[in-house]
Each structure stands twice: as C-alpha cells, then as structure tokens.
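A quick write-up on the structure given underneath.
Just follow the structure's listing: the first ligand is 1, and inside any ligand the first atom is 1.
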Amino acid sequence: MGKNDKDKKPAKRSDKLAEIEKLLKNYRVESGKNFRLKDFDAGSTAGYPQKRKEEGKEEADTILSRGVEWLAELQDRLYAQDRYALLCIFQAMDAAGKDGTIKHVMSGVNPQGCQVYSFKQPSFEELDHDFMWRYQRCLPERGRIGIFNRSYYEEVLVVRVHNEILAAHKLPEKLKTKAIWDERLEDMAAFEKYLSRNGIMVLKFFLNVSKAEQKKRFLARIDIPKKNWKFSSADVIERGYWNDYQKAYEEAIKATASKEAPWYIIPADNKWFTRLAVIAAIVHKLESLDLQYPEVDKKQKAELEKAKTLLLSEK
Ligand code: ATP
Ligand code: MG
C-alpha cells in the first residue's frame, strides 16, 4: 500500500468495474470483423510498468490480490444462487502460461465450486464419438466455474495444422472435405450460443505469447533443473509450425468471437499481467450476471427462528 492510501476513500464497486472495463476493452474481441492477430501486442501491460522494481508496479500487484478476493466472493454467490455456470476456455501455444494462470486466478476460489479439465490427445473411446462429445461431458454444473485447459478448439488448431491427425480419425471419408474447418467453427459458435441460452456463460482466453518469449521460456526449462520436467522436445518441433498455428488461431477467433462468448487476446509475455487481465475478465463477467444469495421467505425464516430456539434451549 502507498503512503497516502489510508487517506483515500475505498473505491466504489462501480468505479472499480469501470477501471477494469477500461483495461479489458483493449483485449476483448466480440466480432470477427477486421480481426487480425498481429494487431495485438504480446508484451502489452496496459500502461503498467513492466518490472517489479519500477514505481507503480506495486499497484498492479494490489489489483491482482484484490481481484483474487473479489473473484472468491463472486464465486460464492454463483454457487449459492445455483443458476448460472461459467466456462473459461484457455488456449495458447506451449509455455504461454496456461497452467500458472489457472493456478493463480483460481487460488482464492472454493475448490468445490470449480471444475478443471485438461484435454490431451483423444483416447480411442473418445475418437469413437463426434468431436464435441468429450468436451460436452465436462461442462460445468450450474453454480460452478469450469476451466478447460485446451478445449474443442484443438479440433481446428492442432488437427488443422497436422493434416495426418484428421486423416487418422474415423469420420466418414466423404465428410473430410476442405470445408471441414469452417463447418466445425460454425458448429462451435452455435454450440456456444446454445450454452449461453442455457445460462452457461462462455469466456475464451487466448494467451498471446511472442515467439521470442517462448524461446526464452523453453531455454529456461532446459537450463533450470527445477523446470526440466516441463520441457518436452516435441514442443520445439511444434514451434516450427508457429505461423500455421497463428493462422489457425486467427481463423478460429474470427469465426467464433461473439457478444455472448467473447475471446480475450491476453498479452502473455509478462506473466503477472496475464493473470491480472484474466482475473479482471472473469470478475467483469460474473459482475454482469447480478448474482444474489437466495432470499429466505417468511416460512423459512420462521423455521430458522424455531431451530435457533431449539439450539439455545439445549442443556
Ligand atoms: P503443458 O505442456 O503445459 O503440460 P499441454 O496442454 O501442452 O500442457 P501436453 O500434455 O504437453 O499438455 O500436450 C497436450 C497435447 O495434446 C497438445 O499438443 C495438444 O495439441 C494435444 N491435443 C489436445 N487436444 C487434441 C485433439 N483434440 N486432437 C489432437 N491433439 C490434441
Ligand atoms: Mg505441452
């Protein structure tokens, strides 16, 4: 806290929300029109100083820890109200910080109200179904925040970049046409509309790391023993397809950005900023739902009073 902070009045919720909105609108994509990935800077920190020692960085840290508390409070209401669910999808190139972001953002949240799923290569059983099957089974229940660490978007990313994956799928050959990517994207957009019409709100995060920063992080995984386990030489091979992935991401975002299920292109070269922006987006969404604790009616109130009398009369 700064020296004069105790003299300041605590900011009103609406002021804090307005501040968050100012930050978020730089990164939110609600329509694919004119969308280009290269217009987004992976190193952006929305004007906050980048380094911890620079003056003003403390402010960002405070916002982050307040964000964790704020999210915890909102999640409690989401759970108690038991009407809406929130699905947060995380997509990114390797080493963009998906795992760390999920860990930090959810650090204050009651684990009972949160469901996290990581999606890897599909199993034989999963391949015996339509592509959405395995994701659909993992959707959050009402009152919960669901996290997808990778998601059905992989079906138009890794599968699109590596044609041989689709070739090996058991889909009828005549359905494997050039149009398949557009068709899948259309289905995903429709699916997200369907979810939002059911009270399952969707937020999609693309953690936008630069190619140079990814290289730095891979090298750190090789050089620092504690990070060795995170390194996979397959990731370096995948890096060779960088441009193909950027193109596939751009097409996917363009085709599926909507008001009801926006994409956030989160700058990911500075981990602390990634966390701050993601938490801000989740808080912003939950605040828009006007979540309230259920009210008890007269009859329930009378029952509570009766129970209280009973408890107090215990010997
Ligand atoms: P980390 O490397 O940080 O542990 P990760 O999400 O990269 O996390 P990995 O086990 O390294 O996890 O990789 C999972 C792999 O599974 C990714 O290469 C991803 O592209 C792949 N994958 C996910 N979904 C699909 C899918 N539907 N079809 C094919 N491959 C998929
Ligand atoms: Mg990986």
To the nearest 0.1 Å, how far is [atom] from its closest protein heavy atom, and which atom is that?
atom                    : answer
atom 4 (O) of ligand 1  : Asp99 OD2, 4.0 Å
atom 20 (O) of ligand 1 : Glu154 OE1, 3.1 Å
atom 7 (O) of ligand 1  : Arg150 NH2, 2.7 Å

Taking [X] for its side chain and [Y] for its backbone only, find out whether a donor-acceptor pair lies under 3.5 Å.
X      : Y      : answer
Asn198 : Ile200 : no
Arg83  : Gln81  : yes
Lys204 : Thr256 : yes
Arg275 : Val105 : no
Ser196 : Lys193 : yes

Examine the proximity of ligand 1 to Lys120 and report which part, side chain or backbone, both or neither, has a heavy atom under 4.0 Å away.
->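 It is both backbone and side chain that touch ligand 1.
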
Numbered in order shown, the ligand 1 atoms found under 4.0 Å of a heavy atom of Val159 are 28 (N)

Short list, please: which atoms of ligand 1 are under 4.0 Å from a heavy atom of Glu155?
->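 It comes down to these atoms of ligand 1: 27 (N).
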
Close N or O approach (Asn149, ligand 1; < 3.5 Å) = no

Close approach, [X] and ligand 1, non-hydrogen under 4.0 angstrom:
X      : answer
Arg134 : yes
Tyr135 : yes
Pro122 : yes

In sequence, state the C-alpha distance, the side-chain angles, and the governing distance for Phe148 and Phe119, and then conclude on ring-ring contact (aromatic ring centres under 6.0 Å, His included).
-> CA-CA 7 Å; Phe148 280 6; Phe119 294 99; 5.0 Å; yes

Among Trp133, Tyr135, Tyr152, Phe131, find the residue that satisfies the ring pair (Phe, Tyr, Trp, His ring centres under 6.0 Å) test when tested with Phe191.
-> Tyr152

For Asp94, what is the atom name of its N, O or S atom nearest to the Mg ion (ligand 2)?
->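 For Asp94, the N, O or S atom at the smallest distance from the Mg ion (ligand 2) is OD1.
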
Kindly assign one of parallel, tilted or perpendicular to the pair Phe273 and Tyr48, based on the angle between their ring planes and the thresholds 30° and 60°.
->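 If you compare the ring of Phe273 with that of Tyr48, the planes turn out tilted.
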
Establish whether atom 11 (O) of ligand 1 and some protein heavy atom are separated by less than 4.0 angstrom.
->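 It does not; no protein heavy atom is within 4.0 Å.
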
Return yes when at least one protein heavy atom is under 4.0 Å from atom 18 (O) of ligand 1, and no when none is.
->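 No, there is no protein heavy atom closer to it than 4.0 Å.
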
Side chains of Phe218 and Arg239: closer than 4.5 Å at any heavy-atom pair?
-> yes

Side-chain heavy-atom pair Lys16, Glu21 within 4.5 angstrom cut-off | no

Return the option from Val158, Asp94, Val156 holding the heavy atom at the smallest distance from atom 31 (C) of ligand 1.
->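 Heavy atom nearest to atom 31 (C) of ligand 1 belongs to Val158.
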
Best match, His162, Gln121, Lys98: closest heavy atom to atom 8 (O) of ligand 1 | Lys98

